[in-house]
> 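Got a structure here, written out as structure tokens. Questions coming.
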Amino acid sequence: MELVPRRVVVDVGGEEHTATVGASGDVVAGPLDVRVDLGTGGWTWSLANGSGTALPVRSVALVLEVAGHRGPLRMFRHGYQSWSPTGTAVLGRAVDPSTLADLPFLQGVHAADDRTVTWPGELRSEWVTLVADDLHAPLLAGFTGGDRHDGTFRLRPGDGTVELWVEAFLGGAVVPAGGHRPLHPVVLDGPDDPMRLLAGWADRVAAAGGARRAAPRPVGWCSWYHYFGDLSEDDVRSNLALADRVPGDLFQVDDGFQVEIGDWLVGNERFPSGVDGLVPLIRAAGRQPGLWLAPFLVSPASEVAAAHPEWLAGGPGSAADQPLLAWWNPAWGGGRDGFMYALDTTHPEVVAHLESLGSTLAGLGYGYLKLDFTFAPACSGRWSDRTRTPAERVRAGFDALRRGAGEGTVLVGCGVPLANVVGVVDTVRIGPDVAPCWSLDPADEIVRGYLGVQPATLHAYGNTVTRSFMHRRLWVNDPDCVMLRSERTALAPEAAATWAAVVGMSGGAAVVSDDLSLLDDDAVRLMAEVVEEGERSDEAARSGRTPQVDDLLDAAIPTTFRAAGVTRRIDTGTGATTVVVHGE
Ligand code: 9PG
């Protein structure tokens with residue numbers, strides 16, 4: 001199997017222009033000049049606008065022919081952001097979820113390009129992909145960065161041939177007349193073992209992007225998966241009193257403390273001591289205060305939205321004079337049925353505001369900030385600086401928070417486009433939310449095609465396994481919380497134990513999220529084991545030995561996971577572990 005470069009296709013303002021490529025050099029694709037330097041292990045490229053007028057560039061793609069494959073092709077589909085499902089699909093059998101939903105509002109939350117896929121049978125992957133057939137070991141293609149623009153792979157079946165479109169996604173960023181933009185280089189690797197290929201790619205990305213991978217592994221407690229949005233200061237106090245039941249020092253308050261999304265320094269009526277008052281409480285128990293926030297979202301009812309309407313991004317197309325609706329969560333209220341606005345991270349005052357927010361929270365004593373729903377600046381809309389790509393808008397927000405919070409604060413990216421934040425965050429949530437159940441019924445699907453993004457322990461398990469190679473290469477992986485309570489849960493004890501063990505084996509964050517008064521002695525013992533096992537896995541990962549997934553390319557959700565001398569086989573139907581083998 002081989003990937004053979006054939007054409008360059010650019011999308012400028014919705015119009016496609018094509019040019020043939022065979023060797024390195026400059027090609028003219030409509031109004032753009034694209035320079036491609038092909039090597040054996042990939043290529044470097046850049047674009048230039050010699051047209052004399054500013055141009056909105058949506059994408060630049062190098063189209064590769066997949067030559068010499070046998071039998072159906074499989075694609076490792078890497079998801080766009082934390083909650084986007086990652087796993088293997090078979091070309092001709094699976095479909096792109098956008099073709100089922102046709103809902104750009106949600107599609108843009110789970111892919112760089114929010115439009116519905118129109119190429120019949122197309123499968124997409126973001127940032128990196130593996131392509132395999134029945135006969136050959138897989139090939140890898142991946143961008144070596146993602147902070148200047150996103151990168152999308154489109155596997156497109158045709159008449160007897162299959163093409164892999166490798167697309168630098170600039171989202172309509174305006175390139176001024178005479179402007180030039182380097183694009184992230186693309187590596188091609190293989191045929192080889194899939195886990196080896198992914199690890200090798202991640203090492204390249206880490207080196208290119210200055211990955212922050214030395215932060216301590218978060219271990220402790222988080223309020224979300226028991227209390228959800230009803231959390232109160234009393235709940236924080238009662239769990240602090242039992243904090244010794246769980247190892248580690250993190251004590252993280254999640255969604256539920258704020259008066260409005262966007263007004264992060266003001267607690268609601270359930271938090272009489274306020275956001276600042278939580279810090280001494282948590283510190284008095286000897287724990288490190290952590291706080292959740294969705295820094296780029298603002299509620300229509302927030303003070304920040306009222307005081308600075310010019311800080312809000314505008315809607316797409318004809319809705320440009322209205323604020324962009326970037327997310328919807330009825331539980332957040334806000335006076336517009338739960339629709340939330342987005343801060344314009346290309347606006348200098350917004351950047352200053354985020355920097356000051358980071359600095360204030362760090363100054364109060366929050367050493368750990370869970371930055372959630374951070375895909376928001378990538379949404380299609382009207383942004384004050386039209387030369388910025390969606391990736392650059394996300395990155396600008398994170399860079400501002402980092403400048404404010406300082407080097408010593410642990411920044412966690414959640415709901416985050418992974419490619420955009422290498423080198424600025426310490427930890428990344430790499431999967432969808434767990435829930436007090438193992439899996440969902442197909443009838444629970446809210447938007448067609450997107451069941452896999454809904455909270456369920458199975459969904460978190462899938463991404464924990466398929467993205468395990470990223471841990472300590474790109475950042476510290478956060479697989480999401482362990483839940484061990486035996487009351488007020490639909491998670492069977494066997495499934496809870498499997499999930500806890502997988503979290504440990506991943507070597508990533510090990511955070512429990514129960515009302516600690518509901519943990520019995522067995523649960524307390526299990527959590528201690530998870531943390532110990534996690535320590536061993538993390539130690540191995542620090543020297544490049546991340547977990548192995550033997551059936552990564554054989555199943556949509558793998559069933560085997562191997563780390564730190566343990567192999568586990570999981571029944572993904574029930575969550576029960578069927579086989580545990582100790583020893584390499
Ligand atoms: C707080 C929660 C927790 C959780 C985060 C995030 O797709 N969705 O509708 C969706 C909603 C919420 C969500 C994830 C996905 O959860 O991952 O840990 O902090 O926010 O609101």
Side-chain angles (χ1 to χ4, degrees), residues 58-59 78-84 86 107-114 124-129 142-153 167-173 181-186 201-202 204-213 294-297 313 326-327 342-346 350-351 354 358 369-381 383 385 387-403 405 411-431 463 467 470 473-478:
R58 187 160 183 99
S59 58
H78 182 262
Y80 170 63
Q81 53 109 328
S82 302
W83 313 321
S84 312
T86 294
Q107 285 158 209
V109 172
H110 293 286
D113 184 351
D114 59 8
R124 277 188 292 181
S125 181
E126 306 284 353
W127 201 17
V128 66
T129 191
F143 287 81
T144 61
D147 54 0
R148 295 199 290 264
H149 58 79
D150 292 289
T152 301
F153 297 89
E167 178 181 287
F169 183 78
L170 289 89
R181 258 189 178 271
L183 301 173
H184 289 296
V186 175
W201 167 75
R204 302 270 301 259
V205 173
R212 297 173 67 95
R213 44 194 193 179
F296 310 143
L297 291 181
W327 186 243
L343 288 176
D344 182 346
T345 54
T346 72
V350 169
V351 169
L354 290 169
L369 298 175
K370 177 176 171 184
L371 307 171
D372 205 352
F373 296 88
T374 49
F375 58 80
C379 294
S380 297
W383 301 83
D385 182 349
T387 68
R388 307 281 203 94
T389 64
E392 289 169 332
R393 298 194 298 257
V394 171
R395 181 63 181 229
F398 274 94
D399 283 341
L401 287 159
R402 169 60 74 192
R403 279 195 303 276
L411 296 186
V412 183
C414 187
V416 67
L418 272 62
N420 305 167
V421 293
V422 173
V424 66
V425 296
D426 302 284
T427 299
V428 167
R429 257 289 294 286
I430 43 83
N463 276 30
R467 283 172 166 167
M470 293 179 166
R473 288 201 166 85
L474 298 175
W475 43 60
V476 171
N477 275 10
D478 174 0

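Everything numeric here is computed off the predicted structure, so don't read it as measured data.
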> Checking W127 now: which residues fulfil ring pair (Phe, Tyr, Trp, His ring centres under 6.0 Å) with it, not counting sequence neighbours?
W201
> Who passes side chain to side chain contact (heavy atoms under 4.5 Å, CB included) against R212, sequence neighbours left out?
R402, E407, D426
> Give me the atom names and distance for the closest heavy-atom approach of V425 to G413.
CG1-N, 4.2 Å
> Does S380 have any side chain to side chain donor-acceptor pair (under 3.5 Å) partners at least two apart in sequence or in another chain, and if so, which?
D114
> Who passes salt bridge (charged side-chain N to carboxylate O under 4.0 Å, His left out) against R473, sequence neighbours left out?
D203
> Do any N or O atoms from the side chain of R403 and from the backbone of L354 form a donor-acceptor pair under 3.5 angstrom?
no
> Classify the ring geometry between W327 and F373 as parallel (under 30°), tilted (30 to 60°) or perpendicular (over 60°).
tilted
> Can you sort out the partners of D113 under salt bridge (charged side-chain N to carboxylate O under 4.0 Å, His left out), two or more places apart, ordered by chain and number?
R58, R115, R154
> Please name the pair of heavy atoms, one in S82 and one in V428, separated by the smallest distance, quoted to 0.1 Å.
OG-CG1, 4.5 Å
> Within the 4.5 Å heavy-atom criterion, are R388 and W383 side-chain neighbours or not?
no
> Check whether the side chains of R467 and T86 place a donor and an acceptor atom closer than 3.5 Å, and report yes or no.
yes
> Taking all non-hydrogen atoms of both residues, which atom of A391 and which atom of R148 are closest, and how far apart?
CB-C, 4.1 Å
> For R429 and V416, indicate whether the former's side chain and the latter's backbone hold a donor-acceptor pair under 3.5 Å.
no
> Taking side chain as C-beta onward, heavy atoms only, is L401 less than 4.5 Å from L369?
no
> Please name all residues satisfying salt bridge (charged side-chain N to carboxylate O under 4.0 Å, His left out) with R124, sequence neighbours left out, ordered by chain then number.
D96
> Measure from the side-chain N and O atoms of T345 to the backbone N and O of R393, and report whether any donor-acceptor pair falls under 3.5 Å.
yes
> Rounded to the nearest 0.5 Å, how far apart are CZ of F143 and OG1 of T129?
11.0 Å
> Rounded to the nearest 0.5 Å, how far does CG of N477 lie from CD1 of I430?
4.5 Å
> Using side chain to side chain contact (heavy atoms under 4.5 Å, CB included) as the criterion, list what pairs up with R395, not counting sequence neighbours.
D147, D399, V424
> As an exercise, state the distance from CZ of F296 to CG of D344, rounded to the nearest 0.5 Å.
12.0 Å
> Using salt bridge (charged side-chain N to carboxylate O under 4.0 Å, His left out) as the criterion, list what pairs up with R181, not counting sequence neighbours.
E392
> Nearest 0.5 Å, please: how far is CH2 in W475 from CG in L418?
4.0 Å
> Output all residues satisfying side chain to side chain contact (heavy atoms under 4.5 Å, CB included) with S84, sequence neighbours left out; order by chain, then residue number.
Y80, Q81, H110
> Go through the structure and list residues passing side chain to side chain contact (heavy atoms under 4.5 Å, CB included) with A208, not counting sequence neighbours.
none
> With T389, which of D150, V394, L170 fulfils side-chain contact (heavy atoms from CB on, under 4.5 Å)?
L170
> Would the distance check show the side chain of T346 and the main-chain N or O of D385 forming a donor-acceptor pair, the cut-off being under 3.5 Å?
yes
> Applying ring pair (Phe, Tyr, Trp, His ring centres under 6.0 Å), name anything that partners F169, two or more places apart in sequence or on another chain.
none
> Considering non-hydrogen atoms only, spot the tightest contact between D372 and G415 and give its length.
OD1-N, 3.9 Å
> Ignoring hydrogens, what is the shortest heavy-atom contact between L474 and A211? Give both atom names and the distance.
O-CB, 3.6 Å
> Among all residues two or more places apart in sequence or in another chain, which pass the ring pair (Phe, Tyr, Trp, His ring centres under 6.0 Å) test with H184?
H149
